[in-house]
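Read through the structure below, which is laid out as structure tokens, and then see the notes.
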Amino acid sequence: MKHIGKRLRLLREGINYSQAKIATMLGTTQTSINRYENGIGLPPLRVLSWYADYFDVSMDYIFARTDKPQGKLYDFKPKIEDNDEMKQFIEMCFDPNSPMSGKLKDTLLQIMKEGKM
């Protein structure tokens, strides 16, 4: 909770707003904002969402999962080695007697391994 409070305080202080001003904007009390910022109370989801929207930051940033305000950016790279069903499907799609099919199959498997597909 302390990490969340520190982030909320940094965001507020970054634009020189008082706790009272943020409280008014949120429709809550200055005491609540103070408790959130000091890690005494956990802000409700609507408050966290408001901060994320108002300051244009990600929830990952607010939860201190990253120091990047835009949040963590994930690259989904499926691993063909971990997916036997997909491997079997690819094997089934190509004629094992055709030399060209073998090359195409190998190329497809390589592309999948590299996460380009």
Side-chain angles (χ1 to χ4, degrees):
M1 279 196 285
K2 286 223 179 252
H3 295 297
I4 294 171
K6 285 180 184 179
R7 288 294 163 100
L8 299 181
R9 180 182 305 261
L10 283 171
L11 291 169
R12 178 183 59 78
E13 289 176 346
I15 58 171
N16 295 318
Y17 278 12
S18 67
Q19 289 179 346
K21 180 163 178 105
I22 293 290
T24 300
M25 295 169 75
L26 272 164
T28 189
T29 65
Q30 183 270 330
T31 303
S32 293
I33 300 301
N34 186 50
R35 290 174 53 83
Y36 303 152
E37 288 184 2
N38 288 305
I40 297 168
L42 184 63
L45 183 58
R46 75 168 188 85
V47 169
L48 296 172
S49 295
W50 182 88
Y51 271 88
D53 291 342
Y54 188 81
F55 292 98
D56 195 24
V57 297
S58 71
M59 293 296 260
D60 279 339
Y61 179 76
I62 290 175
F63 282 102
R65 294 183 65 207
T66 182
D67 290 330
K68 297 178 183 177
Q70 71 274 17
K72 289 185 175 187
L73 302 177
Y74 298 96
D75 291 329
F76 177 68
K77 294 183 180 178
K79 294 185 170 80
I80 187 80
E81 297 86 14
D82 296 338
N83 192 341
D84 288 334
E85 287 180 13
M86 183 60 84
K87 226 175 183 178
Q88 288 173 355
F89 176 75
I90 291 171
E91 292 289 343
M92 181 181 74
C93 289
F94 293 94
D95 178 9
N97 298 324
S98 167
M100 186 51 90
S101 288
K103 288 180 184 178
L104 289 172
K105 179 184 72 171
D106 292 342
T107 301
L108 180 59
L109 289 170
Q110 185 63 37
I111 290 170
M112 292 186 69
K113 282 182 184 178
E114 294 172 4
K116 294 181 181 175
M117 192 168 177

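Starting from 1, each residue takes its place in the sequence as its number. Any value given below was found using the heavy atoms of this structure, including those in side chains, with hydrogens, waters and symmetry copies removed.
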Would you mind reporting whether [Y] and [X] have side-chain heavy atoms less than 4.5 Å apart?
X: Arg7; Y: Leu48; answer: no
X: Arg9; Y: Ile33; answer: no
X: Ile22; Y: Leu8; answer: no
X: Thr28; Y: Val47; answer: no
X: Pro44; Y: Tyr36; answer: yes

For the residue pair [X] and [Y], what are the closest heavy atoms and their distance?
X: Ala20; Y: Gln30; answer: N-CG, 3.7 Å
X: Phe55; Y: Leu11; answer: CE2-O, 3.2 Å
X: Ser58; Y: Lys68; answer: OG-O, 4.3 Å
X: Lys2; Y: Asn38; answer: NZ-O, 3.4 Å

Treat each ILVMFWY residue as a node, draw an edge where side-chain heavy atoms are under 4.5 Å apart, and state whether [X] and [Y] are in one component.
X: Leu26; Y: Ile40; value: no
X: Leu42; Y: Leu10; value: no
X: Phe63; Y: Val57; value: yes

Could you list the residues that satisfy side-chain hydrogen bond (donor to acceptor under 3.5 Å, both in side chains) with Asn16, not counting sequence neighbours?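 side-chain hydrogen bond (donor to acceptor under 3.5 Å, both in side chains) check on Asn16 returns nothing, list empty.
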
For Thr29, enumerate each residue passing the side-chain contact (heavy atoms from CB on, under 4.5 Å) test, keeping only those at least two apart in sequence or located in another chain. Thr31, Ser32

Evaluate the ring planes of Tyr54 and Tyr17, with Trp represented by its six-membered ring, and classify them as parallel (under 30°), tilted (30 to 60°) or perpendicular (over 60°).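 If you compare the ring of Tyr54 with that of Tyr17, the planes turn out tilted.
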
Check salt bridge (Lys or Arg N to Asp or Glu O under 4.0 Å) between Asp56 and all other residues, then give those that pass, not counting sequence neighbours. none

